[in-house]
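Notes follow once the structure below has been shown.
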Protein chains: 2
Amino acid sequence: MAAEGPVGGSPPSRSKRADAQRNRETVLTAAAEVFVTSGVDAPIRQIAARAGVGMATIYRHFPTRADLVTAVYEHQIEACAEAGPSLLASADSPFDALRQWIDLFVDFLVTKHGLADALQSDSDRFAALHAYFLDRLLPVCTQLLDAAVAAGDIRPGTQPYELMRGIGNLCVGRDNDPRYDPRRLIALLLQGLERPRTP
Amino acid sequence: MAAEGPVGGSPPSRSKRADAQRNRETVLTAAAEVFVTSGVDAPIRQIAARAGVGMATIYRHFPTRADLVTAVYEHQIEACAEAGPSLLASADSPFDALRQWIDLFVDFLVTKHGLADALQSDSDRFAALHAYFLDRLLPVCTQLLDAAVAAGDIRPGTQPYELMRGIGNLCVGRDNDPRYDPRRLIALLLQGLERPRTP
DNA sequence: TAGTATCCGGAGCGTCGCTCCGTTTTGTCA
DNA sequence: TGACAAAACGGAGCGACGCTCCGGATACTA
């Protein structure tokens, strides 16, 4: 549907020179490592230093921070997107598929330091990241939600966009706080979505 | 219970010199104005310029950004805290009181640009703000929640801290997006909290 | 009015995002 | 192979920001 690459990153194969491709990979792995320890807000200088590369090289390959983040997590986002339909086929019910898919999504978010924060950031430094998530994941969520409604598992009226942003929001903030587990609240939310068992 | 002033702000009356007190007020109103347009993340320089004051003056009165934010919103936080018990007395049920109180809390959060973001910020630049909210509001929420559980309105087991942070989290992000209204999700969450009507 | 504790202001330092341009590398073609 | 142009590189440099430091101004006191 969209162009081949993610948001604005340069296509992985169109590039002519070999050193450019090599550097692209180097930057990508360095960024992945730095993101783990310093979050997706890590200074570009730090990533450049780790990659043994100038800052301009990073900006050349990934004009926006969102492009870099997207490229780093592209595979996992894709996997999450592809899990939707297959869960729908394998789960006991559409609602269960939705639940399991949301579990996947939450697992992805909470293991990436500061990713949820970036996604909902009201600065638009990450606007492109937000857009990419939406482009890729919103249709999946819509399909699951519609299926659950059609099966009578949940009440109708919930907008997929709102649900996804809500879930993302619940994953925002300090990690590793034993007093706060977004999964519990999301379970509560899904409980509220469930249709009363009186047809 | 806690010390008289908010987090770390200087006490409003203990100050000796008149110009210091005058400047404190000037900074406070300037900050309030700037927060409306630029959010609680506005540059200190901007607030200082608006107040016609040096930056050091602001840092002297409010060593941390959290102190400044807290001082600006102190009255409203206080009002929200005090609304708890009176709602419990006036509402139809404890659960209704909880609902109305959460409405108040959400209204407060969504009308302050970036405040919810700051509250849950992963950086600890706002740790003191987080602490102040908790100190002041968590007991109120706990009381309302306990009352609702005791009345049999909602199922037990929900931790007040988790609920409050969840609500705060749901208010995070871009404002004025017609596709996302945190109130709808919060209603869903409360629905999930409600005890099935089969005692 | 003189003296002093208090408070004020903004220059200055370090960090970060992002760009600009001289230099180096790579692919190509004679 | 050797030369040449296009492509890519790297880091100095600029503006913005958080926060501090210290010489100067100001308000209480006697």
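Naming convention: chains lettered A, B, ... in sequence-line order (proteins, then strands); numbering from 1 in each chain. Computed over heavy atoms, backbone and side chain alike; hydrogens, waters and symmetry mates excluded.
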Donor-acceptor pair, distance only, cut-off 3.5 Å: does the side chain of [X] make one with the backbone of [Y]?
X        : Y        : value
A:Asp67  : A:Thr64  : yes
B:Thr57  : B:Val53  : no
B:Asp117 : B:Val172 : no
A:Trp101 : A:Leu88  : no
A:Asp177 : A:Arg174 : no

Pull out every protein N or O sitting under 3.5 Å from an N or O of nucleotides 24-27 of chain C, one pair per line with the distance.
residue	atom	partner	partner atom	Å
C:dT25	O2	A:Arg17	NH1	2.9
C:dT25	O2	A:Arg17	NH2	2.9
C:dT26	O4'	A:Arg17	NE	3.4
C:dT26	O4'	A:Arg17	NH2	3.2
C:dG27	OP1	A:Ala18	N	3.2

Taking atom [atom2] of [N] as reference, at what distance in whole Å does atom [atom1] of [X] sit?
X        : N      : atom1 : atom2 : answer
A:Arg125 : C:dC16 : CZ    : C1'   : 10 Å
B:Phe62  : C:dC7  : CZ    : P     : 14 Å
B:Asp67  : D:dC19 : CG    : P     : 11 Å
A:Met55  : C:dG17 : CE    : C1'   : 8 Å
A:Tyr59  : C:dC16 : OH    : P     : 11 Å
B:Gln21  : D:dT26 : CD    : C1'   : 15 Å
B:Leu68  : D:dG18 : CG    : C1'   : 14 Å
B:Arg60  : D:dC21 : CZ    : P     : 12 Å

B:Arg136 to B:Tyr132, cation-pi by 6.0 Å centre distance and 45° axis angle: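 Because its charged atom misses either the 6.0 Å distance or the 45° angle limit, B:Arg136 does not stack over B:Tyr132.
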Upstream residue (5' side of DNA chain C) when A:Gln46 and A:Ala56 are each assigned their closest nucleotide: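 Closest to the 5' end, via its nearest nucleotide, is A:Gln46.
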Residue whose closest nucleotide on DNA chain C lies nearer the 5' end, B:Arg45 versus A:Ile44: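 This one resolves to B:Arg45.
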Phosphate contact (D:dA8 OP1 or OP2) by A:His61 side-chain N/O below 4.0 Å: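 No, outside the criterion.
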Phosphate-side-chain proximity, B:Asn23 and C:dC8, N/O vs OP1/OP2 below 4.0 Å: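 B:Asn23 to C:dC8 OP1/OP2: side-chain N or O found under 4.0 Å.
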Carboxylate-amine/guanidinium proximity below 4.0 Å for B:Asp96 and B:Arg99: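 The answer is yes: the pair qualifies as a salt bridge.
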Pairing of A:Asp41 and A:Arg125 as salt bridge, 4.0 angstrom limit: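 So A:Asp41 pairs with A:Arg125 through a salt bridge.
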Spacing of B:Leu134 atom CG and B:Leu119 atom CG [to the nearest 0.5 Å]: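 That separation rounds to 9.0 Å.
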Difference in axis direction between the ends of the helix from C:dT1-D:dA30 to C:dA30-D:dT1, five pairs, 10°: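 It comes to 10° between the two terminal axes.
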